[in-house]
Amino acid sequence: MRARRSWSKVTDDAPTHAELLRLVSVAGRVADHSSLQPWRLIELRGTDRERLGRAISKAEGDKGSSTKPLRAPLLIAIVASYRKSDKVPRWEQEAVASGVAHALSLLLDEAGWGVIWRTGHYTRSKAVAKAHGLKKDEELLGWLYVGGKPPRSGAGRRKAVDARKLLTRMPKPAKD
Ligand SMILES: Cc1cc2nc3c(=O)[nH]c(=O)nc-3n(C[C@H](O)[C@H](O)[C@H](O)COP(=O)(O)O)c2cc1C
């Protein structure tokens, strides 16, 4: 976990569908209030990425096809699939979907793949939702861009985590 980093440039190698299935079955073990499984993933490879490129361009009011999705051989769209629940509000369900994505990116990194979670203004646009076949009560959380880790790539600059600043106690109660 300490060694994990985002890989904005990756090679054309990608995990197989079978390898992904194994990792997704592990990532899906995150804590999940009421076990609603309020998420699903969509695997984009090859020309799927061009279809996404066209949807991104449409969302941005441009003609043609954005080349952004071509930056990795495999994109994994993260979908929050909200379930009906009196007990578990949408924000909790979104937290579960986000947890799955973080867990999967860690598992992929550990398995030797380069990963970066990417989003954009177009992430929740109609054109992009349509391209992914999203249903009512589904929202995208972005994509994990996955590929091979390029050789001789530097360690990357990372901001240290100041745990003393980030882990604190409640404020003292006000005296009345
Ligand atoms: C929800 C989410 C959305 C992100 N969207 C983008 C993005 O659109 N473009 C990008 O370059 N990085 C994106 N990132 C990756 C962050 O930029 C990256 O994690 C951050 O720079 C820290 O770098 P590190 O992961 O190497 O520690 C996103 C990360 C998350 C969790």
Side-chain angles (χ1 to χ4, degrees), residues 1-15 20 23-24 26-32 38-45 48-62 65-82 89-129 131-132 134 138-167:
M1 176 107 201
R2 205 182 275 283
R4 184 213 63 85
R5 53 168 279 208
S6 296
W7 292 77
S8 55
K9 286 202 175 70
V10 290
T11 73
D12 285 340
D13 291 333
L20 264 191
L23 298 178
V24 169
V26 180
R29 290 287 301 111
V30 296
D32 179 359
W39 57 275
R40 66 185 180 102
L41 305 170
I42 303 168
E43 203 178 336
L44 287 79
R45 298 180 191 261
D48 299 339
R49 300 169 307 153
E50 288 159 25
R51 281 171 59 199
L52 172 57
R54 287 195 290 277
I56 289 174
S57 291
K58 191 169 177 192
E60 290 185 326
D62 299 334
S65 183
S66 166
T67 56
K68 283 178 179 158
L70 304 180
R71 288 176 292 186
L74 167 67
L75 274 61
I76 303 170
I78 308 142
V79 183
S81 280
Y82 304 108
R90 279 167 85 106
W91 71 265
E92 291 194 29
Q93 299 188 35
E94 192 168 50
V96 176
S98 169
V100 170
H102 279 295
L104 183 59
S105 70
L106 280 166
L107 290 163
L108 283 162
D109 184 84
E110 188 185 49
W113 300 107
V115 185
I116 183 166
W117 187 333
R118 290 188 187 275
T119 50
H121 296 303
Y122 46 79
T123 303
R124 292 195 170 177
S125 66
K126 264 192 186 156
V128 168
H132 288 78
L134 297 196
E138 288 193 325
E139 275 174 336
L140 272 179
L141 270 64
W143 301 262
L144 298 182
Y145 279 59
V146 186
K149 291 179 181 173
R152 293 187 301 277
S153 188
R157 263 190 305 147
R158 317 216 23 211
K159 202 171 154 192
V161 176
D162 186 350
R164 279 189 184 78
K165 196 173 104 194
L166 296 166
L167 176 66

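Throughout, residue positions are numbered sequentially from 1 according to the sequence presented. Atoms within each ligand, like the ligands themselves, are counted from 1 in listed order. No experiment lies behind these values; they were computed from the predicted model shown.
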I'd like to know if atom 13 (C) of ligand 1 has any protein heavy atom within a distance of less than 4.0 Å. yes
Closer than 4.0 Å and a protein heavy atom, does any atom meet both conditions relative to atom 24 (P) of ligand 1? yes
Main chain of [Y], side chain of [X]: is a donor-acceptor contact present, judged purely on distance under 3.5 Å?
| X | Y | answer |
| --- | --- | --- |
| W39 | A101 | no |
| R49 | A72 | yes |
| R71 | K68 | yes |

Under the side chain to side chain contact (heavy atoms under 4.5 Å, CB included) rule, what do W113 and L74 come out as? Steps first, then yes or no, please. CA-CA 11 Å; W113 300 107; L74 167 67; over 6 Å; no
Under 4.0 Å to a heavy atom of R158 - the qualifying atoms of ligand 1, by number: 27 (O)
When you measure from [atom] to every protein heavy atom, which one gives the shortest distance, and what is it?
| atom | result |
| --- | --- |
| atom 15 (C) of ligand 1 | W117 O, 3.5 Å |
| atom 9 (N) of ligand 1 | R118 NH1, 4.0 Å |
| atom 19 (O) of ligand 1 | S6 OG, 3.3 Å |

Quick one: which of Q93, E139, R90 gives a side-chain hydrogen bond (donor to acceptor under 3.5 Å, both in side chains) with Y82? E139
Test your reading of the structure: does R5 have an N or O sitting under 3.5 Å from an N or O of ligand 1? no
Which one of L144, I116, T119 has a non-hydrogen atom at the shortest distance from atom 7 (C) of ligand 1? T119
Salt bridge check: are K149 and D109 linked by an N-O gap of less than 4.0 Å? yes
Heavy-atom check, side chain of R2 versus side chain of V161, under 4.5 Å: no
Any heavy atom of R4 sitting closer than 4.0 Å to ligand 1? yes
